[in-house]
Amino acid sequence: MSYYIGTDTGGTFTDCVAASRDGRLVYSKSLTTKDDPSRGVLAGIDLLAESLAVSTSELLAQTDRVGHGSTVGTNIIVEHRGARILLLTTAGHGDALFLMRGGHARVVGVPREMVYSLHDTNLPPALVDRDRVVEIHERVDAHGSIVAPLDEERARTSIGLALRDHQVDAVAICLLWSFKNPVHERRLAEIVTELAPEVFVSQSHQVSPRTGEYERAAATVINALVGPASTTYLERLAENLSDRGFHGALHTMQSNGGVVPREVAVEQPLVLVDSGPAGGLRGAATLARSQGHTHVLATDMGGTSFDVGLIIDGHPVVADDKTLARHTFTLPHLDVQSIACGGGSIARVDQHANSIRVGPESAGSEPGPACYGRGGRRATVTDADVVLGLVRADGFLDGRMPLDSNASHVVVGQLADQLGLTVEEAAAGIIKINNSAAATLVRQRTLEEGYDPRDFVLYAYGGAGPVHAFGFGTELGVKEVVIPLGNGASTLSAFGIASSGVAEYFDTECSLRAPLDSEAVAVTVAEAEQAAWNIVTDQGFAKDAIVIERFAMMRYAEQFMQSLAVRIPDGPITDGSVQQIMESFDAEYTRLYGAAARAVFQAVEIFDIQVRVSVPLEFSDRLAASDSGDHDPSPVTGARHVYWPDAGEWIDTDIVDGVGLRADMTVNGPAIVELPHTAVAVATGQHLRRNTIGSLVLTMNEQVQS
Amino acid sequence: MTAQLDRQTLPAGFFDGVAQCYAPPEELAIDAGLSLHGETAESVDPITYEVVRYSLLNTNFEHGNLIKRLCVSPVVMIALDFQTSVLLEDGDLVLLGPNLQYFSNSQSFTAKWILEHRSANGGIESGDMFLSSDPFVGAPHQPDVCVSAPVFVDGRLFCWVANVMNHTDVGGNTPGSFCLSATDSWGDPPNIPPIKLVAGGQLQTDVEDMFVRQSRMPAMARMDLRAAVSGNEFARERILTLVERYGADVVKAVMRRSMDAAENLFVERLRSIPDGTWSHRAYTESDVPGDDGIYRYQVNVHKRGDRLYVDNEGTDPQSGSINCPYVAFVGAVLCALTQQLTSDLGGAYGGVYRRVTFDPIPGTLNCPSHPAAVSPAGAFTTEMNINAAALAIGRMMGCGDDTVRDLILGPVVPHAYGVIYAGAYNDGTPFIMINSNGITGAGAGRPGADGIDAGGQYWVPEAITYNVENTEAQQAVLYLYRRFDTDAHAGAGKHRGGPGFVECTIPHHAAALQISLYSNESFTKGPGLAGGSPNGRAWLKVMRSTDIRQRLASGEVPQDLDSIAGANEQTYFKGAPIDVGPDDVFAWSFPTNAGYGDPLLRDPAAVATDVLDGRLTAAEAAEVYGVVIANSIVDAHSTSAKRSEAFAARTGKAVDDNPAPRSGARRVSESLAVLENEFVCARCGAAVGPAMGNFKDHALQRRVPITDIGPGFDGGDPRMSAKMEFREFFCGSCGVRFDTEIAAVDDEPLWDLRIDPARS
């Protein structure tokens, strides 16, 4: 038997999944060890071995690959614990990272309701101190021509002085137009390495070869900030695994939804940052494929946020513009968007309108909802769940964290009094408003992609997703909601990491305008493809395992906020394939914006060739969850009163033990299916069953609303 | 002051949108054949209210996002020079998008005019959309094209969705359609009154062709217009989906209730402010290129109980091309008001507007009559009116309680300084680009904090600045540098203004390059609040026949224009377009914004940080702030002595080193308070005259030439700068600076802070 292991180090828990080649799955959850996260990973792997009744060294010896994702990089940036760095820029442009993009920088990553508020928003903190920026005399123009040659001696002197004045672990280099002609950037990297051989060097033409010096500098600097620590951490993890008998490959998860070998990742650790949401979406995609679901709304509702990714035609949607710590940069990544809407979202009275607002403020996990008993004094979504009976106060986190139901009643009651509502009416209102906000984000995302949410299957995971999906699923009009892997929904990201193949993206900017010259397109694509091929084969992948996909990033000329990825047909580029590219663009544009929006009078352009290189993982489609085999013939363990928001009344509701649920059994709403880490609410008229891979499938009411 | 409010009422229908700017009447004259949906559900539960409100907010956002994706004008998709709205059936604003804020009422005016003038003849029907670019109706200037869509439910007009966007070129005598040399409507782009662009769902290509035909960039104009149509279609569909689900009466009730909520919040904040009148008089120069005149815009804000009344008395008669259409003037005032006092309303400003009454004097620079030229308003005069309104409103808020005073954001810089590039590449391809990087902005100092460095201009708070690489990819130019401005004297204050920036550029691969709409100001135009120093002077420098090519070829990128050998050419505030040759270099500045409060009150530690960050030299710290820095740290003893010396220099006598304020005084500004019907110094308690009078008459005054504020304030045309002076008003006892004024030498100090006698 051989295994793939996926591990995901989060803020609180480290999740692990082992998947055998034949599709059997086991999960574990251990505490994250912040001082050395690799210990938490090893503890999780110990638990996996225990479930499989083998020793850790036996398990690791049979493991082909360990995939690993972590929040290490994200935390470094968010908590401002990055490496000590220097930034080298073209002379005259050392302020670019501080000018950012004007007022827009104030609202990046800010909830919609706060965008207007000039009083409550500010620019993000700068990524580097201004006195760590060294301006270098050199200049390349937009065509890649050298306008001013690099003054090497002057550069060597100023870099030398800066290295002497500041202790430095890493140097970021971002020169104007370096991605059109990297010769100066490369030469500076050599000079830095000569002067300080130990420092980590981050070059913008490698990290993010795209137009826009602010975004490219942000990417290059973040890469430098996380570089040294990522290298150290991953080396330690590799050593620890090897000490325990692991001889396979250690791969790391990226935000693009694929993994890369550790040795590749440490060269460009930016790709590792924020890989968690990508792991979840990748996990959903793998499960969706095994179930034949081609169009999926992958939603993750946790304590503070609600994340939405889309799977269309079996592929997770990819985007280029990425935001981290409220700075923006360009990096192909799985497009998971987020709003502040989760269990911790705070409800308050809008006195001027005599109404309830929910979020964007969140109680997070500290102090958390009032029912956590950690000092939270304001009503949250979770408090509303407790009041309504959707969440059982003594069943939270497998009973390990009893909730203070009285506290929930008090805080929601205060809100209700202000509005002249009963406590249950107020609680139901909080849930409805929260669900409506969640549905709004999902609907926006599908509309942006030109689809109707009703044509999708909704996957709901995260601690607060399954308990609310009955509501926002109804709101969206979907027919089916899947709680992926049932209780395994809480380790979905680790599963996604275990099931991900290698993926890398390479961009080459260009300006090819219609009417497209097939020879020019062929040359540009061939160069882009060759460059990618050279890099990937140097990384040691078997040539026959490599899959190359090519995309033309297109728009009407000068539509700078527009970007449509059009797949370039495989094989050599001919007049026919160029025509096919144009037809695909027209069809996609028309589908998205209507025939009237199409413009016969404006030239279409290809502004970037994106090459996706992947090495797919052999992963079984015949998944099967480990099964305790210990089924209760009647999983209904009891009943309690639950106040259902839509019905607006207390209803006797079955309580079902989700772990003991057999695959062929159907639960009819109203019911609450309880699982160790979450609960699934099944409203009247809805049905739930468990499928063979352990996912819980909620079938919605027949009549649906738009 | 009551005399202003009682001004002779003009005949009904006077502000008709034809001979005069349109001012919508209270009661619209709508043809009886058009049925309006006026019903409101009696009660909507708090939960449904919130769900519908949130959906409306998102509809408006999505409307804007769709426009950004579909249009091709950088000024729209990057600078966000556009706006979306949801309006009631009668055209009153419900929700404004987060984009250009002085477009606040443009769509409302336009919809009301359409209701009055198209409901009988032409008709307003389901599936229609109207195009309008007439500044005498509702367009802030001709390039701001409004497309309005009535939304019908069951044959009745339920509401409107609309957008306005700044088109890159809509005709007129100048590329880019900011026609500085126009002296009347016939030098401006055409004024197109509301005309049916879409009839019953069908795009009228004859109308589209007529509009596109006026533009130098017809393909761009067509793309942008279609983006506007698609945006409205989307928003209309979303509203109809909401109506279908919740019912028309419920959705309408939510619209009205969100307006009530906004009104309640506004009134609550207004209540902490005593009744009174606050004013600002702003000056500009050159009504057309070459003119050496100076001109006044005045904004007067009167608070009476729970309402505000706004007029423009004191403004000069309309002249040249510096006229600001009335709709833009109203938009400017409402923008300065909502952004400062109610920016937490999330764009639901309609209820605030209910409480503001305008009483304009026609034939003036900010309420011009037809056929005044207005097309440059979008870059110059509208911003100047926002600046003036923000200062008047800031003074008013300074008299409120601490909560309201802390909401002051201060002025925006008085113009949207920028440059238009036009020319041709070496291969002959032409280009025009509005360099709108001025929207990078710089916040003014404010009661609680310094101005934000590059945090945008709050009249277009989310706008995106171009990267240097974006500009170089599209235009035949190459930047030598773009960096923060370091003028230490500009924007000094207890809380200093945010720095502006400087761009220095050369032509690159250009067969021809011409720059226009630049600004080399003769004098700074924006004072700070409460004794803060003015914003910097915007400048343009052109160096001819330089050695720049040799310098670059040798591996040096010059970083200081003054270090480049060449001939410096005198430029003007509004000069003719300048041809830039291959060896010429030009640089322009976006000035540092104004400060708040007397610079001598600034926390010395903050000054030391500014020195460390390279914003100030130690010498400037001593000169401007009286702070002595030695080895990067504050020398407290020397600083105290230095500051006493500076205060004493103002009063001409020794001052108390430890002044104490009088207890029980109510602050009306940073350093001014009122105690028992008397102005007193908030720092030392000295009396500054009766509270019913102008404190300036009882303060110590110093007047200096406007060019003497600091080294950066000189360099413009002396014909205009000689007409202006900088005035400071100090406490005669302790020397603190209460306020400043930029004024024409012959003008009396303005009575800009008047508190009404308390009513019993």
Side-chain angles (χ1 to χ4, degrees), chain A residues 91-93 95-96 98-104 106-107 112-113 115-119 122-123 130 137-139 141-142 147-151 176-177 211-214 350 352-357 419 429 432-433 436-437 440 444 556 558-562 593-594 596-597 599 601-602 705-706, chain B residues 46-47 49-51 54-55 58 61-62 68-70 72 74 77 98 203 219 222-223 226 230 241 245 257-258 261 264-265 339 343-344 346-347 407 409 439-441 452 454-456 458 461-465 467-470 472-473 478 480-484 501 508 552 555-557 559 613:
Chain A
H93 301 278
D95 282 345
F98 305 87
L99 281 161
M100 303 183 202
R101 300 292 298 275
H104 180 68
R106 186 183 58 81
V107 298
R112 280 197 172 162
E113 304 235 55
V115 156
Y116 294 82
S117 183
L118 297 144
H119 299 90
N122 206 335
L123 299 176
R130 182 64 181 85
H137 283 262
E138 66 82 39
R139 190 63 150 88
D141 74 8
V147 177
L150 173 65
D151 183 338
L176 288 183
W177 298 112
T211 304
E213 71 274 9
Y214 160 68
D350 175 351
H352 299 101
N354 210 34
S355 67
I356 300 182
R357 294 222 185 167
L419 294 165
K432 280 188 183 177
I433 291 166
S436 162
T440 299
Q444 275 160 8
Y556 283 107
E558 293 161 10
Q559 256 180 344
F560 300 112
M561 303 304 271
Q562 179 65 270
Y593 309 117
F601 39 85
Q602 185 84 359
Q705 287 163 313
S706 65
Chain B
I47 287 88
Y49 170 83
E50 174 58 11
V51 169
Y54 189 74
S55 298
N58 277 281
F61 263 84
E62 293 306 305
K68 280 188 260 181
R69 282 203 302 278
L70 295 186
V72 292
M77 65 187 150
L203 183 73
R222 201 181 293 268
M223 282 292 276
R226 295 215 179 165
S230 298
T241 305
R245 175 156 178 193
R257 206 161 115 193
S258 77
N264 292 343
L265 175 77
Q339 295 297 77
S343 81
D344 46 348
L407 294 175
L409 293 172
I439 46 91
T440 304
I452 300 178
Y458 64 67
E462 277 192 69
I464 309 173
T465 304
N467 279 299
V468 163
E469 288 178 350
N470 300 130
E472 291 186 355
L478 186 127
L480 298 181
Y481 53 88
R482 177 161 87 179
R483 51 173 81 257
F484 283 117
F501 63 90
H508 190 61
L552 288 170
E556 187 204 357
V557 186
Q559 294 299 302
D613 288 348

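Throughout, protein chains are lettered first and strands after them, A, B, ... in sequence-line order, and every chain is numbered starting at 1.
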From the list A/Leu118, A/Ile356, A/Val107, A/Leu123, the residue making the most non-hydrogen contacts under 4.5 Å with chain B is A/Leu118
Whatever's closer than 4.5 Å to a heavy atom in chain A on B/Gln559 counts as side chain
One option among B/Leu409, B/Leu265, B/Asp344, B/Ile452 has the most heavy-atom pairs under 4.5 Å with chain A, and it is B/Leu265
Whatever's closer than 4.5 Å to a heavy atom in chain B on A/Val147 counts as both
If one checks every heavy atom of B/Ala473 against chain A at 4.5 Å, the contacting part turns out to be both
CD (B/Glu469) and OG1 (A/Thr211) are apart, to the nearest 0.5 Å, by 6.0 Å
Interface check, chain B: of A/Asp151, A/Asn122, A/Asp141, most non-hydrogen pairs under 4.5 Å belong to A/Asp141
- Do A/Leu99 and B/Arg483 come within less than 4.5 Å of each other through their side chains, counting heavy atoms only? no
Nearest heavy-atom approach of B/Arg482 to A/His93 is N-CE1, 4.1 Å
Cut-off 4.5 Å, heavy atoms of chain A, and the answer for B/Tyr54 is side chain
Residue from B/Asn470, B/Thr440, B/Leu407 scoring the most non-hydrogen pairs under 4.5 Å with chain A is B/Leu407
Looking only at B/Ser258, B/Gly347, B/Pro46, B/Ser343, the option with the highest number of non-hydrogen pairs under 4.5 Å against chain A is B/Ser343
CD1 (B/Ile47) and CD1 (A/Ile433) are apart, to the nearest 0.5 Å, by 5.5 Å
Okay, A/Leu150 and chain B: the region with an atom under 4.5 Å from a heavy atom over there is neither
To the nearest 0.5 Å, atom CG of B/Asn467 lies from atom CE of A/Met100 at 13.0 Å
From the list A/Ala437, A/Ala142, A/Ala96, A/Gly212, the residue making the most non-hydrogen contacts under 4.5 Å with chain B is A/Gly212
If we only count heavy atoms from C-beta on, is the A/Trp177 to B/Glu472 side-chain gap below 4.5 Å?
yes
d(B/Ile464 CD1, A/Tyr214 OH) to nearest 0.5 Å is 11.5 Å
_B/Arg257 (side chain) donor-acceptor with A/Ala353 (main chain) under 3.5 angstrom_ = yes
Comparing A/Arg106, A/His137, A/Arg130, A/Glu213 against chain B, the one with the most heavy-atom pairs below 4.5 Å turns out to be A/Glu213
A/Asp350 and B/Glu50: CA distance, side-chain angles, deciding distance, side-chain contact (heavy atoms from CB on, under 4.5 Å) verdict | CA-CA 10 Å; A/Asp350 175 351; B/Glu50 174 58 11; over 6 Å; no
Between the NE2 atom in A/His104 and the CD1 atom in B/Ile439, the distance rounded to the nearest 0.5 Å is 10.5 Å
